[in-house]
Each structure stands twice: as structure tokens, then as C-alpha cells.
S.K.: 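I have a structure here, written as C-alpha cells, and I will follow up with some questions on it.
All of these numbers come straight from a predicted model, not from anything done at the bench. In listed order, ligands and their atoms are each counted from 1.
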Amino acid sequence: MSQSPLYIGFDLSTQQLKGLVVNSDLKVVYIAKFDFDADSTGFPIKKGVLTNEAEHEVFAPVALWLQAMDTVLDSLRKQGLDFSRVKGISGAGQQHGSVYWGNEAENLLRSLDASKSLQDQLPAAFSHPYSPNWQDSSTQKECDEFDAALGGQEQLAQATGSKAHHRFTGPQILRFTRKHPEVYSRTARISLVSSFIASLFLGQIAPFDISDVCGMNLWNIKKGAYDEQILKLCSGKFELNDLKQKLGEVPEDGGLHLGSVHPYYTQRYGFSPDCTVIPATGDNPATILALPLRPSDAMVSLGTSTTFLMSTPSYMPDPATHFFNHPTTAGLYMFMLCYKNGGLAREYVRDAINDSLKDTPAQPWANFDKIALESQPLGQKSSTDSMKMGLFFPRPEIVPNLPSGQWRFTYNPETGDLQETTSGWTAPHDEARAIVESQFLSLRLRSRGLTSSPGNGLPAQPRRVYLVGGGSKNEAIAKIAGEILGGVEGVYKLDIGDNACALGAAYKAVWGMERAPGQTFENLIGQRWQEEQFIEKIADGYQKGVFEQYGKAVDGFEKMEDYVVQQVLAKGIETV
Ligand SMILES: Nc1ncnc2c1ncn2[C@@H]1O[C@H](COP(=O)(O)OP(=O)(O)O)[C@@H](O)[C@H]1O
Ligand SMILES: O=C(CO)[C@@H](O)[C@H](O)COP(=O)(O)O
């Protein structure tokens, strides 16, 4: 059997840890998965997390992730993985979460004993047993201070790529200094979930990744350094220099060789002593590494939440969006939109339709899909008819910042007249198409400044739209996505579907280890990429007439959102 090299990408998400192994040809050869709710023992978690509703806190026990890592490595061994062939390791961590290491951490990591599990040895390394999760919304006060620090949300977004967000690590750390001052004093280092993964394999605290550091509201993207003024705010009543030491340096090269795996892994699993750890990044930055994404392509991850990702040379921050450094390629940025209401919101409509029909088919989406495809775009019988549109948020939303609720409107594209009304709507049937349209109109509204015309007089739009995540299996959704977002070459899904970010992490390891001097990630992966095996076209993209009609709807959609936001502000409703 060939001894060709293998690479592992770990994906430490909210609800599971995956380990995915690829070869140098980018083919997946092993996958192991640990589902936190189903497979863990000893943690009273739900959907991977614990909550303190009174304070809007959401957090995860770090020891759970150690148990998960022990089990995933054991599972790969049981599947027959020859660890001695693994030349590189990287990872993808849920973004923004932080891990608090105590004074004994470096010592415990350095002296890992191969006869024991990670869970047996490392819980004492943490000064705090929990990691705040991205769903946490306990930091409104701190966010207000972050937004004010440089003069306003616009200025913070200019500097750090995002306005202040509850889940971002900077506001979370500031709240931590206030809620747990003694624990903060006893904290030697702070990791992100991504650098936590790398630290476990290195046997010492790994630095932050150049892309994932942008999810903290602390990194000045243009300066390529921490923003001193914001760092000062974040350190609270503690010393600025002390916070700098806790955070550590941030190397620029996403393919840097951080070091070899700790002997723990060579002795316990048979890793080769020269197996190298490459910086792990955030789950969203890793997702764009699952294929050689071009700056004109868009990726939509249809998971529990919806994220929209583009790689772009333009840095155009805005309080409504996110910009990060690209995880591998200096000079490129990652543009991101992140919605809390994605799959769950669609499931509510799906279930309401099945209930109203008293029919729950074996494929639970069958009725939803059929109705969505039979419905006219925007509920219009003719192009001058009023358009039906709405917002469907069973959970508080980030984009735009609104409480949970449902709002339905009609919009006349000829007169610009917008009416909040349920008249003319047949619920829940009309909602199947309307909820998908609502989600994709929001993506088109917020990404239109980043697309350009593909030539031949065609309007600005992506070259391709790639769908990943659980919802990418749904061809009705893909069809509507193509009608709204366009995409001159069409809408595609990745063969690897739900495993895109673990795959991107594994490809990062391949690139880090096998790149020629100066060779970019896109170039290396592009050369080895086997289009017909790795992706599948599932819907048409740009369709003349339909795309333009949805363009008119985007104007109405923007007006509708503004109206709802103003109404909520006027009523003073809390949005968390
Ligand atoms: N055939 C389908 N059509 C539409 N949505 C689907 C389909 N299958 C799964 N989903 C959605 O996929 C979501 C889970 O996606 P996944 O990427 O696994 O989630 P996560 O973000 O938790 O990793 C669920 O919310 C579910 O509604
Ligand atoms: O907060 C964000 C992005 O800003 C989320 O996208 C998290 O990164 C979610 O990770 P999952 O565990 O859902 O994959």
C-alpha cells in the first residue's frame, strides 16, 4: 500500500467535532464524527451548549471538547487510519468562542502523558471551565462601549471589519473582566476555539489565526495589528500589557509551520514525529477553503444559521456586514453575513404546511418544495401586480438587529408603495416561497456592492453560487437562490455537503505542507481540483427578466426592513 501523505482537518462546531482525512489529491479517505448531545457523557448540554437565560448567556464546557477529541482520534484509529502517514493537521473552530487557560496550562500541555486521555489530564489547565458561545447575547453594555470607542459603529467597522457584536470575543472578554475579575487575574492565556485545537496538538499555546482574529473586534485589519485604543477598553480595570500577553502574537502566514505534534500523539496514536501543526482557523473562513473560490463566486451555507461568504480584494466594511482577513491569501478578504434565522425558520413553515395538509411525507420537505415551486415569484400574477414579501424570524435576528417576530407586506414596484398587511396572503402556503425569497433577497441586498458584471452587458452578479450545509440538498431552494442571486454559470452544491469546513481545514493543511515557495492556496488547490467529482450543478443561475424583477423587489425589501427596524426602535423593544 502506498505511503503517500495524509492530512487531517478538525471541525469543532457548536454541536459536533469532526475529523476528516484527505490525501494529496484532495480526496476524502476517512471521516470521524462526535455529536455532543448524542455521544458525550457527563455534560448536561442541549444542542452542544448550556444556557443562563436570565443573563442571555450561552456557553460550552471545554472538557466536553477534550472528550470529543479523544473519541474522534480513537474512532479514526479504529477505522484503520495509519497515523504515521499524517503529515499535517489543521482545524476549523466555531468563531468567537474563547478558552481561558490558567497558570498551569503550558506545563500541563508540555507534559501530556500518553497513557492517559486528554480529558483525564487537561481540565486543570483551564482557569474557567466554559467557553462563551457565538449564540451568547449577554454583552449589550460592552458592545455599546466598543461601538463608542472610536466614535461610532462605522468607525469600529472600518478598523476591525465589524461593528460590535454580542458574540465577538472582545466584548465577551471585557464582560469577563467584570463578571469574573479573580478568574481573569488567574488567566495566563486566552485562546479562540481555533487556536485551542492547534494548542492541543502542539502541546503549547498556539497563536491566533490571521483570519479568525478578525472575529474579536480587537484586530485593526488595515494596520495588521491589535488596535491599541480598543485593547485598552477591552482590558477593563486591568493592565493593557497584561491583556496583550494573554492574547499573544498573530503570525500573518496562514500556512505557517507552528511546530511538530507533541510526543503524546506519536506515542499514543503512532503519528510521525515530523507531523506538523498548521494554524487552525474559524469555521466560516475554513468553509471558503473547501474549493478554489474565485473573488466573483458566492458561497451560501444553509445550516442551522445561514452564512453568506465571498472572497474579495475589496475591503468595504459596513456596520451591517463582516470583513475578515482571508485565511490563506494576503491581499484578499472574506466578506460574511451571518443570520440566526436559517434552517430553523424554514422548518417552522415546512411543519405548518405539513400540519395544514395533515400530511407528513417520508421526505418532510416534499410539500414545502412543491408549493414553493408552484407559487409565482413574489406572489405576483403579473409584473405590475403588488409583490408579497415578509420577514420570518422565530429567533431574534442579527441582520438586521430585530427581535423575534413575523411581518408581512405588499410592495408595489411601480409606485414604491409599501403596505404592512396580511390581506392577500394565504398562510402558511404563501410562506413557503416567501421565506426562501426573504432570506435570499436579504443576501442580494447586502452583497450587491461586491459583485460586478460578468460582461456581455449582463447585470452585476456572482459567477457561481455554491451551496453547502444541510439545506444544500434542497433543489427547490437552489432554484429560487439562482433566480434571486443570479450566477452566470449556475448554482452548485459541494459533493461533501455538510463537511465543507472540515474539508477546508484539511486543504489548509495540504497547502501549508505541500506549497511551493510563494504558491497561493487558490493555485495549489486549483491545480488538483477535480470539478466533475467534487461539485454538482443543481440549478440555473441568472435568468433574464426574473433576475431584474427580483432587483425591483430588493428595493422594496430594503424599504420594508427599514420600516420594521424604525417601528421596533420607536416601541423600544429589546432585540436580544
Ligand atoms: N432536504 C432539506 N431541505 C431543506 N433543508 C434541509 C434539508 N435537509 C436538512 N436541512 C436543514 O439543514 C439544517 C442543518 O444543516 P447543517 O449544515 O447540518 O447544520 P449546522 O449548522 O448545525 O452544522 C437543518 O436546519 C435542516 O432544516
Ligand atoms: O458566529 C458565527 C459567525 O460569525 C457562526 O457562524 C459560528 O461560527 C457558528 O458555528 P457553527 O457551530 O454553527 O458551525
Side-chain angles (χ1 to χ4, degrees), residues 10-18 33 35-37 47-49 58 60 65 91-98 131-137 161-163 165-169 172 192-194 211-212 214-217 281-288 290 299-309 321-324 334-351 361-370 372 394-395 398-399 432 435-436 439 467-481 493-494 496-502 504-505 538:
F10 289 100
D11 165 20
L12 177 39
S13 296
T14 311
Q15 300 197 50
Q16 72 221 342
L17 173 73
K18 286 179 196 157
K33 179 175 158 182
D35 180 292
F36 297 153
D37 284 13
K47 302 238 170 227
V49 292
V58 184
W65 300 341
Q94 52 182 283
Q95 296 199 264
H96 323 296
S98 37
S131 169
N133 177 265
W134 66 279
Q135 296 165 98
D136 181 287
S137 51
S162 303
K163 76 169 176 73
H165 289 273
H166 295 141
R167 65 193 192 284
F168 273 49
T169 328
Q172 289 286 342
L192 288 170
V193 178
S194 52
S211 182
D212 212 18
C214 302
M216 303 181 85
N217 277 140
T281 188
D283 59 348
N284 292 301
T287 299
I288 65 168
M299 266 183 117
V300 187
S301 171
L302 298 168
T304 310
S305 58
T306 295
T307 52
F308 178 91
L309 307 165
T321 68
H322 304 288
F323 274 84
F324 296 78
M334 184 182 89
F335 168 80
M336 181 174 88
L337 299 167
C338 177
Y339 297 80
K340 278 192 185 164
N341 290 286
L344 190 67
R346 292 189 300 271
E347 279 173 27
Y348 275 109
V349 177
R350 175 198 72 183
D351 295 345
Q363 207 294 60
W365 292 92
N367 292 321
F368 178 98
D369 294 356
K370 183 165 179 288
R395 298 185 56 207
I398 311 170
V399 195
I435 188 170
V436 179
Q439 295 181 341
L467 301 182
V468 295
S472 65
K473 295 191 229 6
N474 189 309
E475 297 195 2
I477 295 178
K479 183 167 186 299
I480 301 170
K493 76 171 177 191
L494 259 74
I496 194 82
D498 300 359
N499 295 319
C501 68
I538 46 169

S.K.: What are the atoms of ligand 2, with element, lying closer than 4.0 Å to any heavy atom of C338?
M.R.: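 Within the 4.0 Å cut-off of C338, ligand 2 contributes 2 (C), 3 (C).
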
S.K.: Using a 4.0 Å cutoff against the non-hydrogen atoms of E347, which atoms of ligand 1 qualify?
M.R.: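 Taking each heavy atom of E347 in turn, ligand 1 has 24 (C), 25 (O), 26 (C), 27 (O) under 4.0 Å.
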
S.K.: May I ask you to identify the nearest protein heavy atom to atom 8 (O) of ligand 2, giving residue, atom name and distance to one decimal place in Å?
M.R.: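 The closest heavy atom on the protein side is D283 OD1, 2.7 Å.
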
S.K.: Taking the side chain as every heavy atom from C-beta outward, state whether L17 and W65 have any atom pair closer than 4.5 Å.
M.R.: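 A side-chain contact under 4.5 Å is absent here.
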
S.K.: Just which atoms of ligand 2 are under 4.0 Å from any heavy atom in H96?
M.R.: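 Listed by number with element, the hits are 1 (O), 2 (C), 3 (C), 4 (O).
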
S.K.: Are any of the N/O atoms in Q95 less than 3.5 Å from those in ligand 2?
M.R.: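 Yes, at least one N or O pair falls under 3.5 Å.
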
S.K.: Any N or O on N474 sitting closer than 3.5 Å to an N or O of ligand 1?
M.R.: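 Yes, N474 has an N/O under 3.5 Å of an N/O on ligand 1.
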
S.K.: Nearest heavy atom to atom 10 (N) of ligand 1 wins, so pick from C501, G470, S301.
M.R.: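 Comparing heavy atoms across C501, G470, S301, the nearest one to atom 10 (N) of ligand 1 lies in G470.
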
S.K.: To which protein heavy atom is atom 21 (O) of ligand 1 closest, and what is the distance rounded to 0.1 Å?
M.R.: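 Ranked first by proximity to atom 21 (O) of ligand 1 is T304 N, 3.0 Å.
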
S.K.: So does Y339 have more than 12 non-hydrogen atoms from other groups sitting under 6.0 Å from OH?
M.R.: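 Result for OH/Y339: enclosed.
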
S.K.: Does any part of the side chain of C338, heavy atoms only, come nearer than 4.5 Å to the side chain of H165, both counted from C-beta?
M.R.: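 Counting from C-beta outward, H165 and C338 never come under 4.5 Å.
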
S.K.: Mind checking whether M336 and Q95 have side chains closer than 4.5 Å, heavy atoms only?
M.R.: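 Yes - at least one pair of side-chain heavy atoms lies under 4.5 Å apart.
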
S.K.: Side-chain contact test, heavy atoms from C-beta onward, threshold under 4.5 Å: evaluate it for R346 versus T306 and give yes or no.
M.R.: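 Yes, at least one pair of side-chain atoms sits under 4.5 Å.
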
S.K.: Any nitrogen or oxygen of N284, main chain or side chain, under 3.5 Å from a nitrogen or oxygen of ligand 2?
M.R.: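 Checking ligand 2 against N284, an N or O pair does fall under 3.5 Å apart.
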
S.K.: Does atom NZ of K479 have more than 12 heavy-atom neighbours from other groups under 6.0 Å away?
M.R.: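 Not buried by this count: 12 neighbours or fewer within 6.0 Å.
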
S.K.: Ignoring hydrogens, just give me the one of R167, M336, Q16 whose non-hydrogen atom is nearest atom 1 (O) of ligand 2.
M.R.: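 Heavy atom nearest to atom 1 (O) of ligand 2 belongs to R167.
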
S.K.: Parallel, tilted or perpendicular: which one describes the rings of F324 and H96, with boundaries at 30° and 60°?
M.R.: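 Aromatic pair F324/H96 classed tilted.
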
S.K.: Has ligand 2 got any nitrogen or oxygen that is less than 3.5 angstrom from a nitrogen or oxygen of T14?
M.R.: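 The answer is yes, given that T14 and ligand 2 share an N or O pair closer than 3.5 Å.
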
S.K.: Tell me which one of Q16, Q94, Q15 gets a heavy atom nearest to atom 23 (O) of ligand 1.
M.R.: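 Comparing heavy atoms across Q16, Q94, Q15, the nearest one to atom 23 (O) of ligand 1 lies in Q16.
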
S.K.: Within a distance under 4.0 Å of any heavy atom of G469, pick out the atoms of ligand 1 and give their elements.
M.R.: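 The list of qualifying atoms is 17 (O).
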
S.K.: Which residue and non-hydrogen atom of the protein lie closest to atom 5 (N) of ligand 1, and at what distance in Å?
M.R.: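 For atom 5 (N) of ligand 1, the nearest protein heavy atom is W365 CZ2, 3.3 Å.
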
S.K.: Taking the side chain as C-beta and beyond, is there a heavy-atom pair between V49 and T14 under 4.5 Å?
M.R.: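 Touching, per the 4.5 Å side-chain cut-off.
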
S.K.: Would you say the side chain of D283 lies within less than 4.5 Å of the side chain of W134, judging by non-hydrogen atoms?
M.R.: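 Sidechains of D283 and W134: no contact.
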
